[in-house]
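Beneath this line is the structure, given in structure tokens, with notes to follow.
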Amino acid sequence: MAEKDILYKYFVELSAHKISYLAVFTFLYTIVQCLILFYANFFISIFIGKIKFISNIGSSSLYLCGNETMVKNLLVFVLGLFGVNFIARGPILALIYSLVIIAIIHFIFTPIEKAIIKFITKKL
């Protein structure tokens with residue numbers, strides 16, 4: 001019985017006669033805010049897509065995803081050989097660490113893998 005009372009109160013408060021201007025404004029503000037964020041991301045992505053380096057990374061994202069764990073482990077191993085124990089403390093260091101991993105994959109591993117794939121596909 002209490003559930004029916006709560007639902008009845010909810011629907012009565014939201015009926016067309018009792019909607020406040022604040023509720024309408026909040027609803028419209030939420031929609032406008034979502035649209036602004038959507039279009040801002042859309043135009044930013046168009047701008048970022050024109051940057052050659054970023055579009056190259058985007059086109060080779062399969063290589064990035066496939067090699068990420070291997071490069072992270074390899075980087076920790078190589079740094080450990082020199083006695084360096086790297087822990088990304090804080091968001092700036094984590095960002096720099098991620099950019100270094102992306103650069104290593106993009107400039108070292110991706111060309112090697114593309115050459116191997118090209119060689120294998122020629123043999124088939």
Side-chain angles (χ1 to χ4, degrees):
M1 185 69 182
E3 241 180 273
K4 285 185 178 180
D5 293 335
I6 292 171
L7 289 174
Y8 178 75
K9 183 179 177 185
Y10 179 76
F11 285 116
V12 167
E13 287 180 3
L14 290 179
S15 67
H17 301 292
K18 295 195 176 189
I19 293 179
S20 67
Y21 291 113
L22 181 61
V24 172
F25 176 76
T26 304
F27 176 72
L28 292 176
Y29 176 74
T30 304
I31 290 176
V32 169
Q33 185 180 17
C34 289
L35 289 174
I36 288 172
L37 288 173
F38 174 78
Y39 285 112
N41 283 325
F42 179 74
F43 289 118
I44 289 171
S45 67
I46 288 174
F47 174 73
I48 289 176
K50 292 180 181 179
I51 300 172
K52 187 175 182 177
F53 176 70
I54 293 178
S55 65
N56 285 342
I57 287 177
S59 65
S60 64
S61 61
L62 185 62
Y63 296 105
L64 292 171
C65 293
N67 292 318
E68 177 186 7
T69 304
M70 182 180 64
V71 171
K72 281 182 182 177
N73 293 335
L74 187 65
L75 190 61
V76 168
F77 177 72
V78 170
L79 290 175
L81 288 176
F82 296 105
V84 177
N85 187 9
F86 179 76
I87 298 172
R89 294 186 179 140
I92 300 296
L93 285 177
L95 179 66
I96 292 170
Y97 181 66
S98 298
L99 290 175
V100 167
I101 288 174
I102 288 172
I104 289 171
I105 294 170
H106 182 70
F107 291 115
I108 297 173
F109 285 94
T110 301
I112 293 170
E113 286 184 358
K114 284 183 179 180
I116 291 171
I117 290 172
K118 191 181 227 183
F119 177 75
I120 291 173
T121 55
K122 281 185 181 178
K123 292 291 184 181
L124 297 176

(request) Can you sort out the partners of Tyr97 under ring-ring contact (aromatic ring centres under 6.0 Å, His included), two or more places apart, ordered by chain and number? (result) Phe86

(message) I'd like to know whether CD1 of Ile92 has more than 12 heavy-atom contacts from other residues, nucleotides or ligands below 6.0 angstrom.
(response) no

(request) Hydrophobic side-chain clustering at under 4.5 Å (ILVMFWY, transitive links): who's grouped with Val32? Put none if nobody. (result) Ile36

(request) Nearest 0.5 Å please: distance from the CG atom of Leu74 over to the CG atom of Leu79. (result) 9.5 Å

(request) Identify whether Leu75 and Phe107 are in the same connected component of the hydrophobic contact network (ILVMFWY, side-chain heavy atoms under 4.5 Å). (result) yes

(message) Tell me the closest heavy-atom pair linking Ile104 and Val71, and the distance in Å.
(response) CG2-CG1, 3.9 Å

(request) List, by chain and number, the other hydrophobic cluster members for Leu93, where Ile, Leu, Val, Met, Phe, Trp and Tyr join if side-chain heavy atoms come within less than 4.5 Å, directly or indirectly. (result) none

(message) Tell me every residue that passes ring-ring contact (aromatic ring centres under 6.0 Å, His included) with Tyr29, counting only those two or more places apart in sequence or in another chain.
(response) none

Quiz: residues 39-47 side-chain donor-acceptor pairs under 3.5 angstrom, not counting sequence neighbours:
residue	atom	partner	partner atom	Å
Asn41	ND2	Leu37	O	3.2
Ser45	OG	Asn41	O	3.2
Ser45	OG	Phe42	O	2.6

(request) Give me the other members of the hydrophobic cluster that Leu62 sits in, counting Ile, Leu, Val, Met, Phe, Trp and Tyr linked by side-chain heavy atoms under 4.5 Å, directly or via other members. (result) none

(request) State which residues pass side chain to side chain contact (heavy atoms under 4.5 Å, CB included) with Leu99; sequence neighbours excluded, sorted by chain then number. (result) Leu95

(request) Using the salt bridge (Lys or Arg N to Asp or Glu O under 4.0 Å) rule, collect all pairs that involve residues 87-110, keeping only residues at least two apart or in two chains. (result) none

(request) Could you tell me the separation between the CD1 atom of Ile105 and the CD1 atom of Ile108, rounded to the nearest 0.5 Å? (result) 10.0 Å

(request) Apply salt bridge (Lys or Arg N to Asp or Glu O under 4.0 Å) to Lys72 and list each qualifying residue two or more places apart in sequence or on a separate chain. (result) Glu68

(request) Write out all pairs satisfying side-chain hydrogen bond (donor to acceptor under 3.5 Å, both in side chains) with one or both partners inside residues 102-111, taking only residues at least two apart or from two chains. (result) none

(message) Suppose clustering is done on Ile, Leu, Val, Met, Phe, Trp and Tyr with side-chain heavy atoms closer than 4.5 Å. Which residues sit in the same group as Tyr63?
(response) Ile117

(request) Output every pair passing salt bridge (Lys or Arg N to Asp or Glu O under 4.0 Å) with a member in residues 46-56, not counting sequence neighbours, ordered by first then second residue. (result) none

(message) Hydrophobic cluster membership, with links at side-chain heavy-atom distances under 4.5 Å among I/L/V/M/F/W/Y: are Ile116 and Met70 in one?
(response) yes

(request) Could you tell me the separation between the OG1 atom of Thr69 and the CD1 atom of Ile101, rounded to the nearest 0.5 Å? (result) 9.5 Å

(request) Work out which heavy atom in Gly49 is nearest to a heavy atom in Ser55; give both atom names and the distance. (result) O-CB, 3.6 Å

